[in-house]
Amino acid sequence: MKTALTIAGSDSSGGAGIQGDLKTFAAHGVYGMSVITAITAQNTVRVSHIQGLDPLTIEKQIDAIFSDIQVGSVKIGMLYNKRIVHAVLNTLKKYTMPPIVLDPVMVSTTGRILLKGDAITMMVEELFPICHMITPNILEAELITKMPIKNIDDMKKACIRLHKQGPKNVLVKGGHLKDTATDIYYNGYDFISYEHERIPNTNTHGTGCALSSAIAANWSIGYPSHVAIQRAKSYISKAIQGGFSIGSGDGPIKHFPKGVYNE
Ligand SMILES: Nc1ncnc2c1ncn2[C@@H]1O[C@H](COP(=O)(O)OP(=O)(O)OP(=O)(O)O)[C@@H](O)[C@H]1O
Ligand SMILES: Cc1ncc(CO)c(N)n1
């Protein structure tokens, strides 16, 4: 059985975070496990409350898994504060790690801060170097590189800057570009552009989380990064096409879209 672990925040509305990641793993036929870092009260309109978990509870969850179970890949999402970044980093360092994909979640689509300012530097300087891949969206890439990103050329420049911070691979997501949904991948040598036309659907809650957890799932199945991204992109495009309206804000993607198999 292939396995994958998500280390992330809980989303009470079920579209993003831990819940979205576990659905994505299941959609790929991969056995999912979770380490919860924070609990959010959120729906399709807003994040109304966040409770970061204490570092010991996070450390114990990670220990429980790695001391017993073979983990095929790790996805890291919302980390919320410096104490949590520190706990995750130091506990993961105790074990031999499978490939890690880090989605440097900073702000929710509804505008709530999901990573406090003083935790960003620690995440970049200490967590990035142990990651096989990072998957910032344009806003996150702008905040980290301190450069404006308006087009594909800017995304490539940002990839180079981000790669210098230590991750082996960088995928800058273009879901917030105007005309196309093009993501740019960089491995230190080559760029690959993953293109898809913009799907006119506002039910996109959970896209970023699902993309990174689909990459992790595909690694667990055995695909190399460039194929894992291709397959994750195809999964996410179908999931956005199938997204549905629940609630009065932006609804979730469809986590088990038609035409996507379980391995
Ligand atoms: N309207 C869309 N049509 C097609 N693909 C999209 C659309 N919106 C996002 N994507 C794709 O979804 C993936 C996630 O990208 P995005 O930039 O939205 O991440 P994010 O901002 O981290 O997500 P979230 O909105 O969940 O925080 C990328 O592969 C992106 O290209
Ligand atoms: C818990 C959680 N993680 C990530 C995101 C970003 O989509 C969110 N809205 N909530």
Side-chain angles (χ1 to χ4, degrees), residues 6-24 34-53 75-80 84 101-115 133-143 149 152 155 158 171-185 192-215 228-243 247 249-255 257:
T6 170
I7 302 176
S10 163
D11 168 8
S12 52
S13 70
I18 287 282
Q19 291 80 354
D21 295 340
L22 290 176
K23 289 174 196 179
T24 305
S34 64
V35 167
I36 300 181
T37 56
I39 297 177
T40 72
Q42 65 176 298
N43 53 28
T44 63
V45 183
R46 71 179 68 86
V47 177
S48 55
H49 188 77
I50 300 176
Q51 176 66 58
L53 293 198
K75 175 251 160 90
I76 302 178
M78 176 181 176
L79 293 168
Y80 192 45
I84 294 176
V101 54
L102 169 68
D103 184 9
V105 172
M106 291 184 190
V107 186
S108 73
T109 321
T110 52
R112 179 85 181 231
I113 299 286
L114 300 179
L115 182 69
M133 193 183 299
I134 57 164
T135 62
N137 65 19
I138 286 184
L139 175 69
E140 291 151 358
E142 284 182 330
L143 282 167
I149 302 173
I152 303 289
M155 287 168 80
L171 182 73
V172 174
K173 297 173 290 190
H176 300 270
L177 288 170
K178 269 209 182 86
D179 311 315
T180 137
T182 299
D183 305 343
I184 300 292
Y185 167 77
I192 303 177
S193 169
Y194 294 89
E195 294 167 20
H196 198 282
E197 66 200 26
R198 255 202 107 61
I199 302 160
N201 189 342
T202 56
N203 296 321
T204 53
H205 179 69
T207 48
C209 297
L211 186 79
S212 53
S213 44
I215 291 170
I229 299 169
Q230 182 72 61
R231 290 169 62 91
K233 181 87 176 149
S234 153
Y235 171 79
I236 199 70
S237 304
K238 292 195 177 84
I240 294 171
Q241 257 144 10
D250 291 344
I253 54 168
K254 188 167 172 56
H255 284 96

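One-based numbering, in listed order, for ligands and for the atoms of each.
Within the 4.0 Å heavy-atom cutoff, E140 does not count among the residues contacting ligand 1. Using a 4.0 angstrom heavy-atom cutoff, G206 counts as in contact with ligand 1.
Annotation: atom 21 (O) of ligand 1 to nearest protein heavy atom, H176 NE2, 2.6 Å. The nearest protein atom to atom 7 (O) of ligand 2, hydrogens excluded, is given as A16 CB, 3.8 Å; this is a heavy-atom distance. Atom 1 (N) of ligand 1 has I199 O, 3.0 Å as its closest protein atom, hydrogens excluded (heavy atom only). Among protein heavy atoms, the minimum distance from atom 20 (P) of ligand 1 is reached at N137 ND2, 3.7 Å. In this structure, atom 17 (O) of ligand 1 lies nearest to the protein heavy atom G175 N, 3.0 Å. With hydrogens left out, the protein atom closest to atom 24 (P) of ligand 1 is T207 OG1, 3.5 Å, a heavy atom. Scanning all protein heavy atoms for the shortest distance to atom 6 (C) of ligand 2 gives L114 CD1, 4.0 Å.
Between the S12 side chain and the Q42 main chain, a donor and an acceptor come within less than 3.5 Å of each other.
Contacts between T109 and ligand 1 below 4.0 angstrom, taking non-hydrogen atoms only, involve the side chain exclusively. Contacts with ligand 1 closer than 4.0 Å are made by side-chain heavy atoms of I240 only, the backbone lying farther away.
Counting heavy atoms from C-beta outward, T24 and H255 have side chains that approach closer than 4.5 Å. No side-chain heavy atom of K23 sits less than 4.5 Å from a side-chain heavy atom of D21. At a threshold of 4.5 Å between non-hydrogen side-chain atoms, the residues K173 and I138 do not count as touching.
For ligand 1, the atoms sitting less than 4.0 Å from at least one non-hydrogen atom of R198 are 1 (N), 3 (N), numbered in the order shown with element in parentheses. The contact set between ligand 1 and L211, taken as ligand atoms under 4.0 Å from a residue heavy atom, comprises 29 (O). Under a 4.0 Å criterion applied to the non-hydrogen atoms of S10, ligand 2 contributes the atoms 1 (C). For ligand 2, the atoms sitting less than 4.0 Å from at least one non-hydrogen atom of G9 are 1 (C), numbered in the order shown with element in parentheses.
Residues satisfying the side-chain contact (heavy atoms from CB on, under 4.5 Å) test with A239, not counting sequence neighbours, are I253, P257. Taking D183 as the reference, K233 meet the salt bridge (charged side-chain N to carboxylate O under 4.0 Å, His left out) condition, with sequence neighbours excluded.
Of the listed options G174, A181, A16, G208, A181 places a heavy atom closest to atom 5 (N) of ligand 1. Nearest residue to atom 31 (O) of ligand 1 from H205, E195, Q241, K233 is K233 (criterion: closest heavy atom). When the options M106, Q42, H205 are ranked by their closest heavy atom to atom 10 (N) of ligand 2, first place goes to Q42. If you check each of A38, C209, S12 against atom 4 (C) of ligand 2, the one with the closest non-hydrogen atom is C209.
In terms of polar-atom proximity, defined here as any N/O pair under 3.5 Å, N201 makes no such contact with ligand 1. The shortest N or O to N or O distance between D183 and ligand 1 is under 3.5 Å. For the pair K173 and ligand 1, the shortest N or O to N or O distance falls below 3.5 Å.
Taking all atoms of both residues into account, the shortest heavy-atom contact from D11 to G15 is OD2-N, 3.3 Å.
With 3.5 Å as the limit, one finds a donor-acceptor pair spanning the side chains of S10 and Q19. Checking S213 against K75 by side-chain atom types alone, no donor-acceptor pair falls below 3.5 Å.
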